[in-house]
Amino acid sequence: MPRNPSTGVYSKPAGTTPSVGQVIDPVPWNALTTDLGNEITNSLPRDGSAPMVAPLKAAGGTMSAPGLGFASTPQTGLYLKGGGLLGFTQNGVDVSFDKALFYAAKSGDYTALASDDSAVHRFMADAIVTLTAAATLGANWHYAVIADGGDVTIDPNGSETIDGAARRSLFRTAILRSSFAADRRSSPISL
């Protein structure tokens with residue numbers, strides 16, 4: 001094929017450039033038109049009428065010039081960070097996300113650990129959730145509790161408190177989404 005697979009640059013087949021007054025030989029002319037037809041077929045239509053059939057390879061890009069961006073906002077898109085990590089940028093500023101949430105159903109008492117960061121636990125019966133010490137959990141530790149089928153009491157570690165209280169109770173059909181640091185702040189949402 002005359003298209004260079006590394007660069008994507010098209011070069012027409014040899015012997016297909018006629019000179020003025022020359023009779024066009026049908027063999028190279030037909031080869032050229034067949035080749036052009038193949039290359040047009042292998043191009044991605046701008047209107048989206050056909051899907052990609054192989055991986056789309058984008059430039060690595062940077063935070064200010066992402067490898068995959070938008071014509072209307074060229075500094076917004078995806079780029080490769082160091083170490084092969086995917087980066088998101090909005091108006092040239094790196095966008096970071098919380099850890100992925102994970103869900104688990106619980107049927108009894110439970111001690112929330114540092115590894116439960118960003119967890120959503122749904123308690124199906126009365127339970128006591130004992131929190132590990134705030135210093136162990138670390139800054140910006142997130143935890144969501146759903147009381148569904150029983151009342152759930154959240155018990156901080158030792159003398160620590162939640163919004164100044166020694167304990168926090170959630171009654172059936174209540175949700176507590178918390179971002180705990182050393183001061184243990186919480187945001188209840190009742191259903």
Side-chain angles (χ1 to χ4, degrees), residues 1-106 112-122 124 137-146 148 173 175-181 187 189 191:
M1 265 176 104
R3 190 185 298 235
N4 182 317
S6 299
T7 64
V9 174
Y10 177 83
S11 302
K12 62 185 184 159
T16 58
T17 305
S19 24
V20 176
Q22 175 186 1
V23 175
I24 297 176
D25 183 355
V27 174
W29 175 255
N30 289 340
L32 173 61
T33 56
T34 298
D35 195 59
L36 288 172
N38 289 339
E39 292 305 320
I40 290 169
T41 299
N42 288 331
S43 296
L44 187 63
R46 292 176 54 185
D47 67 1
S49 60
M52 294 283 299
V53 294
L56 176 63
K57 297 177 182 176
T62 64
M63 193 180 339
S64 60
L68 182 59
F70 302 91
S72 61
T73 314
Q75 290 185 314
T76 297
L78 305 174
Y79 70 101
L80 280 179
K81 291 183 175 185
L85 298 175
L86 184 61
F88 295 84
T89 181
Q90 184 171 343
N91 295 323
V93 178
D94 189 53
V95 177
S96 59
F97 299 95
D98 279 344
K99 296 176 185 173
L101 296 177
F102 62 94
Y103 169 86
K106 303 290 183 185
L113 307 170
S115 60
D116 291 319
D117 187 13
S118 298
V120 177
H121 287 169
R122 179 178 177 207
M124 309 298 285
L137 297 177
N140 299 314
W141 183 80
H142 296 79
Y143 185 64
V145 173
I146 302 172
D148 184 23
T173 68
I175 299 172
L176 178 73
R177 168 97 167 107
S178 299
S179 176
F180 292 116
S187 304
I189 303 169
L191 299 176

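When a residue number appears, it is its place in the shown sequence, counting from 1. Given the structure is predicted, the values throughout are model-derived calculations rather than measurements.
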Would you please test Lys12 and Thr17 for side-chain contact (heavy atoms from CB on, under 4.5 Å) and show each step? CA-CA 9 Å; Lys12 62 185 184 159; Thr17 305; 2.7 Å; yes
Less than 3.5 Å apart, which donor and acceptor atoms pair up between the side chains of residues 46-53 and the rest of the protein, not counting sequence neighbours?
residue	atom	partner	partner atom	Å
Asp47	OD1	Ser49	N	2.9
Asp47	OD1	Ser49	OG	2.8

Only pairs under 3.5 Å count here: list side-chain donor-acceptor contacts from residues 72-81, not counting sequence neighbours, and write none if there are none.
residue	atom	partner	partner atom	Å
Thr76	OG1	Asn91	N	2.9
Tyr79	OH	Asp94	OD1	2.7
Lys81	NZ	Asp94	OD2	3.2

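Between atom CD1 of residue Ile24 and atom CG of residue Leu32 there is a gap of 10.0 Å, rounded to the nearest 0.5 Å. Distance check: Asp35 CG to Thr16 OG1 gives 8.5 Å after rounding to the nearest 0.5 Å. Taking OH of Tyr103 as the start and CD1 of Ile146 as the end, the distance is 6.5 Å to the nearest 0.5 Å.
When all heavy atoms are compared, the tightest approach of Gly67 to Ala58 is O-CB, 3.8 Å. The minimum heavy-atom distance linking Ser19 with Gln22 is given by the pair N-OE1, 2.8 Å.
Side chain of Asp116 to main chain of Ala112: no donor-acceptor pair is present (N/O by atom type, distance under 3.5 Å, no hydrogens or angles). Using modelled atom types, one side-chain atom of Asp117 and one backbone atom of His142 make a donor-acceptor pair closer than 3.5 Å. Remark: side-chain polar atoms of Asn42 are paired, donor with acceptor, to backbone N or O of Asn38 under 3.5 angstrom. A distance-only check finds a donor-acceptor pair linking the side chain of Thr62 to the backbone of Ala65 [under 3.5 Å]. Proximity of a side-chain donor or acceptor of Glu39 to a complementary backbone N or O of Leu36 within less than 3.5 Å is not detected.
Between the side chains of Tyr10 and Asn4, not a single donor N or O lies within less than 3.5 Å of an accepting N or O.
Ring centroids of His121 and Tyr143 are separated by less than 6.0 Å, placing the two rings close together.
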